[in-house]
Amino acid sequence: MIQLTNIDKYYDSKFQRTYVLKDIILEVKEGEFLSVMGPSGSGKSTLLNIIGLMDSPSSGKYLLDGNSVLDLKEKVRVDYHRNFISFIFQAYHLIEEMTVYENIETPLIYKGVKSHDRESMVADLLDRFNIVAKKDLFPQQLSGGQQQLVGIARAIISKPKLLLADEPTGNLHSTQGEMIMETLKELNNEGMTIIHVTHNEKFAQYGKRIIRLEDGNIRSDTNRKT
Amino acid sequence: MLKHNFLLIFRNFKRFKSSFFINLVGLSTGLACTLLIYLWVNDELNFDKFHEKGDRIFQVMENREIEGSIKTTGQTQDFLARVLAEEMPEIELATVVTPPNFFPSFTLSLAEKQVKGVAKFVGKDFLNIFSYPLLAGNKNTILANKNGIVISESLAKSLFRTIDNCVGKSVEWQIMDLKRLVSITGVFKDVPVNSSEQFDFLLTFDAFKDLIGIKGEEMNWSGSAPFFTYVLLKEKTNVDNLNTKVADLIKRKSKDDQHRTLFLKLYADKYLYGNYKNGIEAGGRIAYVNLFSIIAIFILLIACINFMNLSTAKASRRIMEVGIKKVFGAQRKTLVWQYMIESMLLTLLSLLVALVLVKLLLPRFSEITGKHLELLFGTRLTLASVIITLLTAILAGSYPALYLSGFSPIMLLKRQFSSSLGELWSRKGLVIFQFAISVIFIVSVLVVYKQIEYIQNKNLGFDKDNVLYFETDGKVIGNAETFISEVKNISGVVNASSMLGNFISTPEGGGMPGKIQWKGKEMILAGAAVNYELLELLGIEIKEGRTFSRLFATDQNKVIYNEAAIEAFGLKDPVGKIVDGQEILGVVKNFHFQSLHELIKPFCFRLEPQAGTSILVKIRKGTEEKTINELQKLYQSYNPGLVFNYKFLDQDFQAQYVAEKRVALLSRYFAVLALIISCLGLFGLASFMIEKRTKEIAIRKVSGSSKIEIVLLLTNDFTKMVIVSIFVALPISFFMVSRWLENYAYRIELDWLYFFGAGVIALLTAWLTIGIQTIRAAKINPAKSLASE
Ligand SMILES: Nc1ncnc2c1ncn2[C@@H]1O[C@H](COP(=O)(O)OP(=O)(O)O)[C@@H](O)[C@H]1O
Ligand SMILES: [Mg+2]
């Protein structure tokens with residue numbers, strides 16, 4: 001599904017060029033559950049952003065689902081974000097002035113789904129995550145774990161093929177974090193490709209494959225024995 | 001999607017309550033100003049525009065070259081209309097009329113009833129050229145009968161209580177010692193207020209010719225006459241071609257008049273473009289129309305800037321919202337629309353508030369502008385408000401919309417929340433712009449105020465105070481001398497006299513222009529025919545020689561000049577010398593017989609006690625009410641049933657400056673508004689800035705900064721902006737007020753104090769505004785705000 005070849009990412013400042021990613025070669029197949037680990041500043045987020053079409057590499061090739069996705073027009077990129085790729089964030093990033101229900105509904109609105117269909121889709125997810133009772137609350141009224149559940153619900157409502165999560169458990173207590181990881185695992189079992197960044201060894205083990213970044217290089221790439 | 005947007009917008013308003021109110025207040029007052037000014041401008045632009053054939057109605061004007069300069073006048077001879085209609089096939093109809101304000105009011109009598117009204121003598125095609133709709137009578141024959149009269153609806157009502165069946169009835173009109181019995185041939189709908197010709201009834205010009213003894217065929221092209229000539233061109237006439245034909249008419253007819261050129265001016269343009277300088281059209285009221293349109297735009301702009309600044313200032317809080325939306329598939333244009341709709345909604349809301357404000361302020365505004373303005377929603381006003389609102393919404397919303405929608409999700413993910421340098425600069429620039437405009441307004445208000453004060457206190461060379469005058473009517477006419485001496489017997493009367501015409505009349509000032517020959521050249525000289533003691537009554541000072549006196553019978557052939565005239569003649573020791581056959585009796589000090597716009601010109605007093613048409617009375621201060629009562633009794637003992645209409649000279653004097661007084665009053669309101677709206681914006685901006693710097697403030701407090709230091713620190717940025725705006729505003733306002741003052745021959749000196757004062761006012765208000773915020777910020781508890789991070 002994802003094929004990165006010789007991806008470089010660097011920033012030029014006045015006197016020097018700093019590489020954030022250097023010569024990254026990475027292939028991720030459909031259905032994989034990939035954990036990305038590495039010290040802070042090693043380029044994990046940058047890698048995820050490039051994969052998620054939010055940042056572009058300085059050089060290299062990127063095939064997504066067999067198509068080159070560098071230098072996309074806004075319309076095409078927006079299409080990928082509506083139908084193919086979705087995100088979960090460490091800080092949840094729920095929109096404060098929207099209720100739980102409205103937050104989850106947002107991607108469908110941009111996708112142009114009819115209001116009637118939206119209703120049943122959101123209802124299904126609320127049901128699945130056991131948050132029906134919270135649907136009219138505002139994010140600030142929820143616990144961190146609940147907020148992240150809403151974040152996941154929002155991310156998967158448009159049935160994306162690829163789910164990217166940048167430290168989704170970073171702000172959570174371990175029990176809540178575990179619940180989130182269980183949810184991700186379940187989604188992966190249903191066939192969704194997932195890449196997540198984590199600092200937590202235990203959570204990393206939820207992935208079927210773990211890569212470790214260091215100074216912009218992939219130091220190790222191991223498949224978890226099952 | 002739309003519902004979703006509205007929901008978000010509504011929640012956003014709730015979240016940012018203070019910006020919401022600042023914007024609402026700013027935009028609604030801005031819109032209210034614009035709408036009020038629109039109503040006024042619209043009224044001005046529609047003045048004299050109601051005539052159906054308006055695009056073909058022209059006034060014949062004349063340029064006279066005298067001593068190297070060209071004087072433009074609409075005054076023509078009575079036969080010009082006839083000659084033009086005969087000789088120019090392009091002219092469909094032509095008419096001669098007596099000009100507006102030519103006569104004092106007439107008295108119409110029907111049996112015991114007496115009504116005063118404004119009369120106009122017009123040629124027979126007058127009603128076929130202009131559109132004054134008739135309620136009774138036949139348009140084509142109504143002015144054919146020399147002894148006919150066409151009266152207005154309200155005149156008919158006050159004479160007969162109804163407009164039915166009044167055609168054919170006889171009424172008598174009277175002015176001074178003239179009276180005629182005429183029969184009513186028709187009734188017209190009252191002349192609309194937006195007409196520069198105002199009259200209550202029409203009489204025929206043929207009757208006027210009889211009255212003053214103009215013979216039918218007499219044509220003396222060299223003479224001068226005060227009449228107006230209007231023509232109606234045939235459809236599709238090329239005006240430029242006709243103008244070249246008309247131009248030489250007088251030159252062709254009269255060898256002695258090679259300095260006189262005729263031209264046609266669109267009647268509908270006269271109201272707004274009535275001024276001429278050296279033969280070239282030089283604006284007129286249109287200057288005020290433009291000025292106020294610009295003021296409206298600027299006030300609205302200031303309010304829009306608040307919206308822009310507050311939207312971008314709160315952007316750091318909305319950056320997340322934008323990023324998320326983009327991540328989940330919102331296109332930029334969708335977001336642009338969302339923010340545009342937000343500004344449209346706010347503007348629409350402001351429009352509603354503005355309409356209420358307009359409704360409330362309209363009576364006062366009408367009073368200030370001297371108009372009858374109404375908020376009537378026709379297509380025009382609706383369209384105008386829609387366009388104004390839409391433009392405001394776009395202007396206010398486009399920058400934040402483009403700015404906000406431009407955030408990339410990457411910024412959100414990387415937490416690059418700091419504002420860019422460009423953004424800060426543009427925000428500062430906009431604040432500077434706002435305050436610069438406010439400062440310009442304040443300088444203008446100060447200067448206009450000072451100039452008007454100067455006008456009020458200027459020694460005019462005569463004493464206008466406590467002098468009232470009224471026209472000689474009815475029985476007073478033959479018995480003026482007795483009447484005057486009886487007036488003098490009233491205890492509150494200081495002095496009484498009479499003169500021909502008015503001493504001050506707008507806008508050219510008093511005095512009849514006359515021609516004299518001096519050293520082989522023709523000179524135009526203003527002058528007045530006066531009675532004994534008029535100069536004393538008015539307190540005009542004698543410089544040399546003496547004033548008219550009853551002790552010398554020969555004074556009737558002698559004249560008194562002002563200093564300017566003597567200077568123009570180049571005479572030394574003028575008393576006793578002869579100018580154009582008349583001996584100089586005395587010289588008076590210069591006095592302002594015209595408004596202070598004009599330099600004092602040569603003026604001449606002649607003694608003609610019998611010629612008086614108005615009686616002037618100087619009253620002892622404090623006895624006005626009682627004295628006027630007695631005057632009225634005396635007047636009515638001569639003229640039972642007639643209304644005693646009097647006016648104070650001071651009223652006429654003040655009337656010379658109506659326009660600038662209106663401007664002064666309005667600009668004061670607008671300046672205050674501009675400043676308030678700017679400060680509102682500053683208030684909102686300051687609160688955002690302080691919010692951003694809470695942590696810094698807390699740290700500074702912890703490390704021992706005093707409250708004062710913190711207040712100064714926070715105020716610093718804004719102070720700099722306001723000071724820059726003052727420096728931007730000063731040259732612009734200097735240029736503007738100097739230009740304005742050039743309209744006055746007599747004016748105040750521009751003092752740096754006005755500019756300094758305006759700067760201080762702006763700075764103080766800004767400080768007051770920010771001060772409220774910064775003092776609150778300086779009081780914050782550092783422990784609390786650091787803990788919350
Ligand atoms: N716009 C930028 N300019 C310069 N350096 C940047 C920029 N964005 C990120 N970086 C640098 O790239 C490196 C990698 O960042 P990131 O991918 O966020 O690391 P991680 O997520 O692994 O902690 C960091 O050292 C960061 O300072
Ligand atoms: Mg990171």
Side-chain angles (χ1 to χ4, degrees), chain A residues 11 20 44-46 48-50 52-56 73-99 101-115 118 138-140 151 154-158 160 164 166-167 197, chain B residues 1-20 311 314-339 341-342 345-346 401-402 404-417 691 788-789:
Chain A
Y11 294 101
V20 178
K44 305 179 297 292
S45 296
T46 309
L48 216 61
N49 291 342
I50 288 174
L53 303 180
M54 297 218 282
D55 207 348
S56 41
K73 288 208 176 86
E74 197 209 352
K75 206 167 133 33
V76 184
R77 195 175 46 72
V78 166
D79 253 11
Y80 272 109
H81 285 150
R82 283 182 186 169
N83 303 310
F84 199 93
I85 311 168
S86 218
F87 296 85
I88 309 170
F89 310 93
Q90 175 177 5
Y92 328 126
H93 288 335
L94 300 175
I95 298 180
E96 275 176 53
E97 41 296 348
M98 288 204 244
T99 61
Y101 184 97
E102 289 154 6
N103 263 294
I104 299 176
E105 188 188 25
T106 308
L108 295 179
I109 292 173
Y110 292 124
K111 212 173 156 176
V113 177
K114 293 224 171 58
S115 130
R118 291 204 303 260
F138 287 90
Q140 309 86 284
R154 177 178 64 183
I156 64 170
I157 188 124
S158 51
L164 302 174
D166 197 344
E167 302 188 39
V197 172
Chain B
M1 177 73 94
L2 207 63
K3 195 180 135 208
H4 167 80
N5 276 337
F6 280 132
L7 191 77
L8 268 189
I9 290 164
F10 172 69
R11 300 238 175 96
N12 243 309
F13 286 162
K14 258 175 78 175
R15 182 167 155 208
F16 298 106
K17 276 197 201 79
S18 65
S19 330
F20 173 73
S311 307
K314 69 188 178 196
S316 64
R317 295 226 229 149
R318 296 183 78 166
I319 197 163
M320 202 272 286
E321 182 192 318
V322 179
I324 286 301
K325 287 180 172 169
K326 285 199 159 177
V327 165
F328 287 105
Q331 270 178 293
R332 182 162 191 196
K333 68 170 189 230
T334 318
L335 294 175
V336 169
W337 265 112
Q338 187 203 315
Y339 296 118
I341 290 173
E342 183 173 330
L345 220 59
L346 187 67
L402 293 173
L404 287 171
S405 67
F407 289 134
S408 76
I410 265 290
M411 291 169 90
L412 156 76
L413 297 168
K414 287 190 177 164
R415 299 173 163 252
Q416 288 169 335
F417 283 1
E691 191 185 290
S788 72
E789 276 294 310

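Just so it is clear, the values below take in all heavy atoms, side chains as well, and ignore hydrogens, waters and symmetry mates. Everything numeric in this text was worked out from a predicted model, so none of it was measured. By convention in this document, chain letters (A, B, ...) are assigned in the order of the sequence lines, proteins followed by strands, and residues within each chain are numbered from 1.
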Check: What are the two closest heavy atoms between A/Leu108 and A/Ser158, and how far apart are they?
Finding: CD2-CA, 4.4 Å
Item checked: Portion of A/Phe84 that has a non-hydrogen atom of chain B nearer than 4.5 angstrom -> neither
Check: Which class fits the ring pair A/Phe87 and A/His81: parallel under 30°, tilted 30 to 60°, perpendicular over 60°?
Finding: perpendicular
Note to self: Filter on side-chain hydrogen bond (donor to acceptor under 3.5 Å, both in side chains), then keep only pairs touching residues 106-115 of chain A, sequence neighbours left out; what's left?
What the structure shows: A/Asn83-A/Lys111
Notebook entry, point to check: Can you name the residues that form a salt bridge (Lys or Arg N to Asp or Glu O under 4.0 Å) with B/Arg332, not counting sequence neighbours?
Noted result: none
Checklist line | Side chain, backbone, both or neither of A/Gln90 within contact of chain B (heavy atoms, under 4.5 Å) | finding: neither
Next item on the list: Side chain from CB out, backbone as N, CA, C, O: work out which of these in A/Arg154 comes under 4.5 Å of a heavy atom of chain B, or both, or neither.
Entry: both
Checklist line | Contact class of B/Lys325 relative to chain A, heavy atoms under 4.5 angstrom | finding: both
